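Notes to accompany the following structure.
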Number of protein chains: 2
Amino acid sequence: MTPSSPSAPDDDERSPPLGWQAQKSASTRTQITEAAIKCFVEYGYSRTTTTLIAEKAGLSRGAMLHHFPSRLAVVRAAVEHLHSKRLRAFRKAVTKPSTDGDHVRQGVEAYWSHVRHPMFVAFFELAVAARSDKELASILRPAQEAFEREWHQAAVDVFPEWRGRGEKFDLALDLSRYVLEGMAISFLTHKETERDQRVLTYLDEKIRELAGLPKLADAPERK
Amino acid sequence: MTPSSPSAPDDDERSPPLGWQAQKSASTRTQITEAAIKCFVEYGYSRTTTTLIAEKAGLSRGAMLHHFPSRLAVVRAAVEHLHSKRLRAFRKAVTKPSTDGDHVRQGVEAYWSHVRHPMFVAFFELAVAARSDKELASILRPAQEAFEREWHQAAVDVFPEWRGRGEKFDLALDLSRYVLEGMAISFLTHKETERDQRVLTYLDEKIRELAGLPKLADAPERK
DNA sequence: CCGGTTTCAATCAATTTTGACTTTTTCAAG
DNA sequence: CTTGAAAAAGTCAAAATTGATTGAAACCGG
């Protein structure tokens, strides 16, 4: 069932030979939660069984259930882990010094990269499953709300000059969120085309309009 | 397990006393597929078991498996049924004589109503599940592609004057699709606010811009 | 009224998943 | 080197789901 070697040094085993049991335990726990997240992305939420998680983490199922007594406990930990990772990655993306001082472009790009990352897929799977699973919903809601607050705060930080013009600001935020998430979700089943680049460029343009910023001379290449 | 009366006259039982067995069978089959669709909406795809479908359809499980030999057969039929219903409803919405000759408004409104309908939720559940279920994906893909072709055709029909200006036309279409679907999906877990009405109004406005139509004097109330 | 077909109901075995329980291994401290 | 606690592995029964099989009931044509 678990043919992998008992102590396969994964990417979380890089802790120095402090050899502490507590540290090893923590390392194993993150290994498990990350395996769970990978399973969400690869197999979807409902197909993520404890067996599958243990297999992907390179542990026996019994070992996993020692760290997390039940499936839900793993899910809980995975949600927290995913949330903090997501938050950290997003913060890093928006606080990165802008390459050309183009706040709009950077903000859009940051969230666009974010929603195309596997982490967003994992969170999306959880969100969809939570729609008809009240228990999961109660676990997910705090993390989701926290992320959205952070998202909004990041937007305020990126556009400090935009204070007071609340109505258009909110509109630009909502529009961006819906367009980018809608595109990202669409791309889960469809493949990207050149047309979609035009949508991103157009979104940039409209946000600038709403912000009262000057039009960009020409749209530079998007990666 | 199935406490409901054996021959509960549901909304599909209203066929006249033609008493034919073949017709009754067809009626029962649509009853089953519609029950399956309801289950997708209410419990999600993965939790929609054969037991649950039979229960919701008011049949014994054995009776259901007589009409559809396997779970997948039910899903297949449900996808087809859902697809034709979706297509019919959408066609009706877009071909309805516009109340005030405002094509843009009508088109947006039509698709907005569509994505807020339970049928869209069901299709969405299927689409998400299909992401990690190749068998379901192969069932769903034809229906999805057919609907998208029809969607595009409907857009062309609603804006006959827009031929030739392909680039902006496609942009308007893509934008609308992403915004509306993104909003609809967001509303599956969040609740609607007044801010979202502004996004719809803004979308109307931008489509008019792209089409080169005059700005609307004032935004009438949305229902 | 009868015969055969269709529809429906109920039971059964096989499989999967889960969580509890037991046993073995690892490892740091004395 | 011994020892005891933590970690890992393996085993087990209970529950759920599925599809097959069998038996009963309704219905139509003759």
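Chain A is the first sequence line, chain B the second, and so forth, proteins listed ahead of strands; every chain is numbered from 1. Since the structure is predicted, the reported quantities are computational estimates derived from the model, not experimental observations.
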Is [X] salt-bridged to [Y], going by a charged N under 4.0 Å from an acidic O?
X       : Y       : result
E55(B)  : R61(B)  : no
E125(A) : R131(B) : yes
R177(B) : E181(B) : yes

Could you say whether T48(A) or A63(B) is positioned toward the 5' end of DNA chain C, judged by the nucleotide with the nearest heavy atom to each?
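Between the two, 5'-proximity favours A63(B).
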Rounded interatomic separation in angstrom, taking [atom1] from [X] and [atom2] from [N]:
X      : N       : atom1 : atom2 : answer
M64(A) : dG10(D) : CE    : C1'   : 15 Å
R47(A) : dT17(D) : CZ    : C1'   : 14 Å
L59(B) : dA10(C) : CG    : P     : 11 Å
R71(B) : dT16(C) : CZ    : C1'   : 14 Å
I32(A) : dA8(D)  : CD1   : C1'   : 10 Å
F68(B) : dT7(C)  : CZ    : P     : 12 Å
R29(A) : dA6(D)  : CZ    : C1'   : 14 Å

Does the ring center of [X] lie less than 6.0 Å from the ring center of [Y]?
X       : Y       : answer
H117(B) : F120(B) : no
F123(B) : F40(B)  : no
H152(B) : F147(B) : no

Taking the axis from the first five pairs and the axis from the last five, what angle separates them in the helix from dC1(C)-dG30(D) to dG30(C)-dC1(D), rounded to 10 degrees?
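End-to-end axis angle: 0°.
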Can you check side chain to side chain donor-acceptor pair (under 3.5 Å) on T201(A) and D204(A), steps first, answer last?
CA-CA 5 Å; T201(A) 308; D204(A) 267 11; over 6 Å; no
With the criterion being N/O to N/O and under 3.5 Å, what pairs connect the protein with nucleotides 20-24 of chain D, and how long is each?
none

Please state whether the phosphate of [N], meaning OP1 or OP2, lies under 4.0 angstrom from any side-chain nitrogen or oxygen of [X].
X      : N       : result
T50(B) : dT17(D) : no
T28(A) : dA8(D)  : yes
H66(A) : dA7(D)  : yes
H67(A) : dA8(D)  : yes

What nucleotide, of dT17(D), dA9(D), dC8(C), holds the atom closest to the side chain of T49(B)?
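Shortest atom-to-atom distance from the side chain points to dT17(D).
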Whether R116(B) engages the ring of F124(B) as a cation-pi pair (distance to the six-membered ring centre under 6.0 angstrom, angle to the ring normal within 45°) should be assessed.
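Because its charged atom misses either the 6.0 Å distance or the 45° angle limit, R116(B) does not stack over F124(B).
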Which donor-acceptor pairs under 3.5 Å do side chains of residues 74-82 of chain B form with protein atoms, sequence neighbours excluded?
unit_1: H81(B); atom_1: NE2; unit_2: E34(B); atom_2: OE2; d: 3.0

